[in-house]
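The block underneath contains the structure these notes are about, expressed in structure tokens.
As the structure is a prediction and not an experimental result, all values here were calculated from the model.
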Amino acid sequence: MKSKSFEFNYALFLPIFLFYLLSIGVQYGAAVYDQVSYQHIVLKQIIFCVASLGLLFLTQKIKTALLLRLSPYFYVVSLAIMSLLYKFYDPVMYQLTGTKRWLRIGSFSFQPSELVKLTFALVIVYFTLHYEKKVSERTVKSDLKYVMNILLISLPTFLLMYMQKDFGTSLVFIICLGALFMIAGVHWKILAICSGILFIIGVLLICLVFTEYGNQILYGLNFKTYQLDRVRAWIDPFAYSQSIG
């Protein structure tokens, strides 16, 4: 019996390739806007694109079951790498942004949160599949226990995100969790309660953004002015057209 030959998925590769081109264009535009030499920046982005493409083809050779089985170890390693930001963060980027997102080792720097995004997705999918196989009949109680376990697994990620003062990436992880819970078919009562809590927190944060007293509270929680300005720009985009608009 002949083994199934490798089939290249052009429909899947096309949007990835377009994102590669977009990322290179964005890096070029940012360099020109900042009036810095674009050659090194663009070349670095091209190298990253080629490296990620090679990694893409490599992972296609690995069985999904194996990746999921090893995902808890990948997750722990990625968290350990991100915890290095406590000491080895890029001082230049810290001065520019006030955040500890970039890990610098010698002349090499990258954002460990990008690695955690991959391992985070794998590990929560792994435990979700484990839960679905283990539970024969799902109830509100069993779904609640599952949600609490996933949130407990996610806690180290959010703690490290808070240490980095990277609230934007934290929203990405929250969206991933929300999508997972809906796809996994978590009971609607649990989803309704979680959505209600997030809605109340969101409304509260927005109210704090537009009051002087609220700004002081947010500054105490390590929010930065540029983060608050991003929210204000939705209300009055022309006022921020020369900065973040």
Restricting to side-chain contact (heavy atoms from CB on, under 4.5 Å), what partner residues turn up for T128, sequence neighbours left out?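 Per chain and number, T128 pairs via side-chain contact (heavy atoms from CB on, under 4.5 Å) with E132, Y146, I150, L180, A184.
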Pairs where [range] contributes a residue and the test salt bridge (charged side-chain N to carboxylate O under 4.0 Å, His left out) is met, not counting sequence neighbours:
{"range": "residues 12-25", "result": "none"}
{"range": "residues 193-212", "result": "none"}
{"range": "residues 111-124", "result": "E114-K117"}
{"range": "residues 118-127", "result": "none"}

Would you say the side chains of Y131 and S142 form a donor-acceptor pair under 3.5 Å?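 Yes.
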Hey, is [atom1] on [X] packed in by over 12 heavy atoms from elsewhere, all under 6.0 Å?
{"X": "F210", "atom1": "CZ", "answer": "yes"}
{"X": "Q39", "atom1": "CD", "answer": "yes"}
{"X": "F17", "atom1": "CZ", "answer": "no"}

According to a hydrophobic-cluster definition based on side-chain heavy atoms being under 4.5 Å apart (Ile, Leu, Val, Met, Phe, Trp, Tyr only), do [X] and [Y] belong together?
{"X": "V172", "Y": "Y162", "result": "no"}
{"X": "V76", "Y": "L159", "result": "no"}
{"X": "I24", "Y": "V26", "result": "no"}

Can you tell me how far the [atom1] atom of [X] sits from the [atom2] atom of [Y], to the nearest 0.5 Å?
{"X": "L70", "Y": "L66", "atom1": "CG", "atom2": "CG", "result": "4.5 Å"}
{"X": "C49", "Y": "I16", "atom1": "SG", "atom2": "CD1", "result": "11.5 Å"}
{"X": "Y213", "Y": "L208", "atom1": "OH", "atom2": "CG", "result": "9.0 Å"}
{"X": "I62", "Y": "L67", "atom1": "CD1", "atom2": "CG", "result": "5.0 Å"}
{"X": "L160", "Y": "I81", "atom1": "CG", "atom2": "CD1", "result": "12.0 Å"}
{"X": "S52", "Y": "I47", "atom1": "OG", "atom2": "CD1", "result": "12.0 Å"}

Check whether any side-chain N or O of S195 sits under 3.5 Å from a backbone N or O of L191 as a donor-acceptor pair, and report yes or no.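 Yes, S195 side chain to L191 backbone: donor-acceptor pair under 3.5 Å.
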List in chain and number order the residues that pass ring pair (Phe, Tyr, Trp, His ring centres under 6.0 Å) with Y73, two or more places apart in sequence or in another chain; answer none if no residue qualifies.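 If we apply the ring pair (Phe, Tyr, Trp, His ring centres under 6.0 Å) test to Y73, skipping adjacent residues, there are no hits.
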Hey, what's the ring geometry for F120 with Y75, parallel, tilted or perpendicular (30° and 60° as the breaks)?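 F120 and Y75: tilted rings.
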Hey, what's the ring geometry for F127 with H130, parallel, tilted or perpendicular (30° and 60° as the breaks)?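 F127 vs H130 ring planes: perpendicular.
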